[in-house]
Amino acid sequence: MTIERIVILGGGTAGWMAAAALSRIRDGRNVDIKLVESEEIGTVGVGEATIPPFVEFQRALEIDEREMMAATQATFKLGIQFSNWGQVGESYLHPFGNYGYELGGINFHQVWHTMRQRGDRRPLQAFNLETMAAYFGKFSRTEDYNRDDLPPMNYAYHIDATAYARFLRKYAEMRGVVRKEGKVQDVALDPESGDVTGFTLHSGETIEGDLFIDCTGFRGVLIEQALGTGYEDWTHYLPCDRAVALPCNRDDGSPPPPFTKATAHSAGWQWQVPLQHRNGNGHVYCSQYMEADEAHDILVRNMAGKPTADPNFLRFVTGRRKKFWNRNVVALGLASGFMEPLESTSIHLINTGVNKLIAILSLEGITEAQRSTYNRLATKEYERIRDFLILHYKATRRDDSEFWNYCRTMAVPDTLTEKIEVFKSNGQIFREEDELFTTTSWAAVMMGQGISMGGTSPMAEGVANGVAKEMDEMEKSIRWLVDRMPGHGQYVSRYCPAPAAA
Ligand SMILES: Cc1cc2nc3c(=O)[nH]c(=O)nc-3n(C[C@H](O)[C@H](O)[C@H](O)COP(=O)(O)OP(=O)(O)OC[C@H]3O[C@@H](n4cnc5c(N)ncnc54)[C@H](O)[C@@H]3O)c2cc1C
């Protein structure tokens, strides 16, 4: 069956990202693209921290960065600060960008480790631009200094999720996507193929299509309720299953820090996402060890300002849909799975999902090979991210609550155990296939959580003999650059002030 009508069901971040990206295929062929959403149901309303590939998503859509940032009250993000994870009182930053650069074909952190054993006391963080800028509250884009001898600045954004969906809606509608308001009542399946043929709204209107993108959030109206695809539950690895979200103002007038904060508590952790006009906050926790009231109290006690809305209580089950693409339905966003927001990977998975779909799509029809390729690649991507998230919980020395005792002693996937063991032996990290997280990401979290490189790499020992001068220069140039950068708040208010703050 040829694809002439694409129907996106759901208008949260996933729905509008899909609509915006898919609207561009209309440049080549005049496909009918509709998006149906229900204001009565609303969106999840959280999801404000992103990672660097999201910057690429804007560029691919030729979205003006300043315009988007102003419209979404956005700030820049250079990484995530994790506090109280390895042990109460400890803190580390997982930065975007690399520690140093490869020296003699060896990971920088392995050479640094050898140098440290030989008495060099400089912290690894001194060799990462994003960490240094974050710690000093500074920011610049690479384009501002544009020098080949200095490292590039890798960044992402903190955005107001609702405003971002609004921004993309405008973009998609201008490119021919038609929005319909309505709530799905019944879904129709083809009696022979089992494909979705359309659905009826409460108003009685029928929407038909050839390809459906399910962006209905946790409900999974098409992928689960209609097709019964099934869900792989990862709660035993990622046990947090509740969150309470609550924005607050920044009363003290302090500038927004250029990083997200993730602070662990006794049965979960709290996020702080600084926007231009407010902070987004939330407490992700495990209902087996904590009640909602307590989670809410802990959140309010640890917020930087007064709440600006009512608390939003959310429930979820960590895991993934057994098939991301089933029959003629592709699930994106929360309809496809959720691994909790610890490393801000959900919006990223929408981005890669829609990129994969556009790359593999042929309007001549859907083939089994397309579906299975998409599902295989998405499964790998989910599993690699899953392992990285589990690492934060597993690699802890905390023994001050039942929750942390569970996490510290839980069984984890063999793939993760192997990665930790190899790191312990000489610091080696292999980035597998197209996995999202870099060698620096793995090294930052492993070391930040207290896993040490026991031995050294013989290759690194050789390289370390002649790198002292190069390392001095690297450290100095980062310091030099950070010293000259403006404060992050100052940069944002000049570069992309939101209308109210302009
Ligand atoms: C606690 C928490 C914190 C998060 N933090 C981050 C983060 O920092 N970074 C990040 O990348 N991601 C984060 N996420 C994930 C992020 O919020 C989601 O990936 C993103 O918002 C996409 O949501 P969605 O569009 O899939 O679903 P939703 O926002 O739930 O949208 C669903 C849409 O489907 C529509 N719909 C549902 N049922 C029907 C129906 N029957 N008929 C018609 N329409 C229907 C709704 O009206 C709505 O428009 C977080 C998620 C949670 C739960």
Side-chain angles (χ1 to χ4, degrees), residues 7-19 34-51 53-54 57 77 80 156-162 164-166 168-169 179-187 199-203 205 207 212-226 240-246 260-262 268-275 280-285 295 299 311-318 321 331-354 385 436:
V7 179
I8 299 163
L9 181 57
T13 311
W16 286 112
M17 278 177 75
K34 277 196 188 72
L35 183 144
V36 180
E37 65 176 320
S38 157
E39 270 182 32
E40 188 192 322
I41 294 176
T43 64
V44 76
V46 284
E48 307 200 309
T50 66
I51 54 175
F54 187 68
F57 182 77
K77 172 180 171 187
I80 306 175
Y157 315 112
H158 300 118
I159 51 165
D160 178 326
T162 310
Y164 184 63
R166 238 182 355 247
L168 288 186
R169 174 177 167 184
R179 175 193 180 272
K180 293 243 164 214
E181 171 64 33
K183 197 164 143 189
V184 172
Q185 187 163 39
D186 285 314
V187 179
F199 47 77
T200 312
L201 302 176
H202 280 260
S203 62
E205 186 180 357
I207 309 281
F212 291 83
I213 319 290
D214 187 344
C215 299
T216 56
F218 293 129
R219 287 177 177 79
V221 172
L222 302 177
I223 196 80
E224 197 57 56
Q225 292 177 17
C240 289
D241 59 353
R242 298 280 192 279
V244 48
L246 189 55
T260 305
K261 289 186 185 172
W269 63 278
Q270 171 176 348
W271 78 75
Q272 180 194 285
V273 174
L275 301 180
N281 308 284
H283 186 180
V284 175
Y285 62 99
L299 178 63
N312 179 7
F313 290 91
L314 299 143
R315 290 164 171 245
F316 54 85
V317 179
T318 52
R321 206 61 67 196
L332 288 176
L334 298 171
S336 67
F338 185 53
M339 286 185 278
E340 79 143 84
L342 190 55
E343 286 281 356
S344 324
T345 43
S346 288
I347 293 175
H348 172 74
L349 286 166
I350 301 170
N351 177 359
T352 56
V354 78
I385 292 175
L436 167 64

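Residues: numbered from 1 along the sequence shown. Just so you know, ligand 1 is whichever comes first in the structure, and atom 1 is the first atom listed for that ligand. The figures that follow rest on heavy atoms only: side chains count, while hydrogens, waters and symmetry mates do not.
- Among protein heavy atoms, the minimum distance from atom 21 (O) of ligand 1 is reached at Thr13 OG1, 3.4 Å.
- Between Phe218 and Phe316, the angle of the ring planes stays under 30°, which puts this pair in the parallel group of the 30/60° scheme.
- Proximity of a side-chain donor or acceptor of Arg169 to a complementary backbone N or O of Trp16 within less than 3.5 Å is not detected.
- In this structure, Trp269 and Trp271 have tilted ring planes: the angle between them lies in the 30° to 60° band.
- When only non-hydrogen protein atoms are considered, atom 32 (C) of ligand 1 lies nearest to Cys215 O, 3.4 Å.
- Atom 49 (O) of ligand 1 has as its closest protein heavy atom Gly11 N, 2.8 Å.
- Of the polar atoms of Trp271, none of the N or O atoms is found under 3.5 Å from an N or O of ligand 1, judged by distance alone.
- How far OG1 of Thr13 is from CG of Leu334: 8.5 Å, rounded to the nearest 0.5 Å.
- Counting the atoms of ligand 1 from 1 in the order shown, those under 4.0 Å from a heavy atom of Ala49 are 7 (C), 8 (O), 9 (N), 10 (C), 11 (O).
- Atom 42 (N) of ligand 1 has as its closest protein heavy atom Val184 N, 3.0 Å.
- Of all heavy-atom pairs between Ala18 and Val354, the closest is CA-CG2, 3.8 Å.
- For ligand 1, the polar-atom distance check against Ala335 finds no nitrogen or oxygen pair separated by under 3.5 Å.
- Nearest protein heavy-atom contact of atom 15 (C) of ligand 1 is Ser346 CB, 3.4 Å.
- Checked by distance only, ligand 1 and Val44 come closer than 3.5 Å through their nitrogen or oxygen atoms.
- Judged by distance alone, with hydrogens and angles left aside, the side-chain atoms of Asn281 form a donor-acceptor pair with the main-chain N or O of Leu246 at under 3.5 Å.
- Set against the non-hydrogen atoms of Gly333, the atoms of ligand 1 under 4.0 Å away are 26 (O).
- Counting only heavy atoms of the protein, atom 43 (C) of ligand 1 lies nearest to Gly182 O, 3.3 Å.
- Rounded to the nearest 0.5 angstrom, Ile80 CD1 and Leu342 CG are separated by 6.5 Å.
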Could you give me the CA-CA distance, side-chain angles and deciding distance for Tyr164 and Met17, then say whether side chain to side chain contact (heavy atoms under 4.5 Å, CB included) is met? CA-CA 9 Å; Tyr164 184 63; Met17 278 177 75; 4.1 Å; yes
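- Under a 4.0 Å criterion applied to the non-hydrogen atoms of Arg219, ligand 1 contributes the atoms 37 (C), 38 (N).
- Atom-to-atom distance recorded for Thr50:OG1 and Lys77:NZ is 6.0 Å, nearest 0.5 angstrom.
- Taking distance alone, with nitrogen or oxygen atoms compared against 3.5 Å, Ile350 stays at or beyond that limit from ligand 1.
- Close contacts of ligand 1 with Ala14, meaning ligand atoms under 4.0 Å from a residue heavy atom, involve 22 (C), 24 (P), 25 (O), 26 (O).
- Less than 4.0 angstrom separates some heavy atom of Lys183 from each of these atoms of ligand 1: 42 (N), 43 (C).
- Taken from CD1 in Ile350 to SG in Cys215, the straight-line distance is 7.5 Å, to the nearest 0.5 Å.
- Not one N or O on the side chain of Thr260 forms a donor-acceptor pair closer than 3.5 Å with the backbone of Ala49.
- By the 3.5 Å distance cut-off applied to N or O atoms, Leu334 is counted among the residues near ligand 1.
- Summary of contacts: the protein heavy atom closest to atom 6 (C) of ligand 1 is Gly47 CA, 3.1 Å.
- Residue Glu48 touches ligand 1 through its backbone alone, judged by heavy-atom distances below 4.0 Å.
- Remark: side-chain polar atoms of Thr216 are not paired, donor with acceptor, to backbone N or O of Arg219 under 3.5 angstrom.
- Summarising the contacts of atom 16 (C) of ligand 1 with Thr50, Thr162, Val46, Thr216, the nearest heavy atom is found in Val46.
- Closest approach of Ser344 and Ile51 over heavy atoms only: O-CG2, 3.8 Å.
- Among Pro341, Ala165, Ser336, Gly337, the residue whose heavy atom sits closest to atom 4 (C) of ligand 1 is Pro341.
- Looking at Phe316 next to ligand 1, no N or O pair under 3.5 Å apart turns up.
- Contacts between Ala245 and ligand 1, counted as non-hydrogen atom pairs separated by less than 4.0 Å, are absent for every part of the residue.
- The main-chain N or O of Thr318 is never found under 3.5 Å from a side-chain atom of Glu340 such that the two would form a donor-acceptor pair.
- For Val221, no nitrogen or oxygen atom sits less than 3.5 Å from a nitrogen or oxygen atom of ligand 1, counting backbone and side chain alike.
- The closest approach between a heavy atom of Phe338 and any atom of ligand 1 is below 4.0 Å.
- Remark: among candidates Gly15, Gly217, Gly42, Ser38, the nearest residue to atom 48 (C) of ligand 1 is Gly42, based on non-hydrogen atoms.
- No N or O atom of Gly10 sits closer than 3.5 Å to an N or O atom of ligand 1.
- At a 4.0 Å heavy-atom cut-off, ligand 1 touches Ala243 through the side chain alone.
- The protein heavy atom nearest to atom 39 (C) of ligand 1 is Ile41 CD1, 3.3 Å.
- The parts of Thr43 lying near ligand 1 are both backbone and side chain, judged by heavy-atom distances below 4.0 Å.
- For ligand 1, the atoms closer than 4.0 angstrom to any heavy atom of Ile347 are 10 (C), 11 (O), 12 (N).
- Not a single donor-acceptor pair under 3.5 Å links the side chain of Glu39 to the backbone N or O of Glu181.
- Residues satisfying the ring pair (Phe, Tyr, Trp, His ring centres under 6.0 Å) test with Tyr285, not counting sequence neighbours, are His283.
- Residue-to-ligand polar distances keep Leu9 apart from ligand 1: every N/O pair is separated by 3.5 Å or more.
- Interatomic distance, Met339 CE to Thr345 OG1, rounded to the nearest 0.5 Å: 5.0 Å.
- Under the salt bridge (Lys or Arg N to Asp or Glu O under 4.0 Å) criterion, Lys261 pairs with no residue at all, not counting sequence neighbours.
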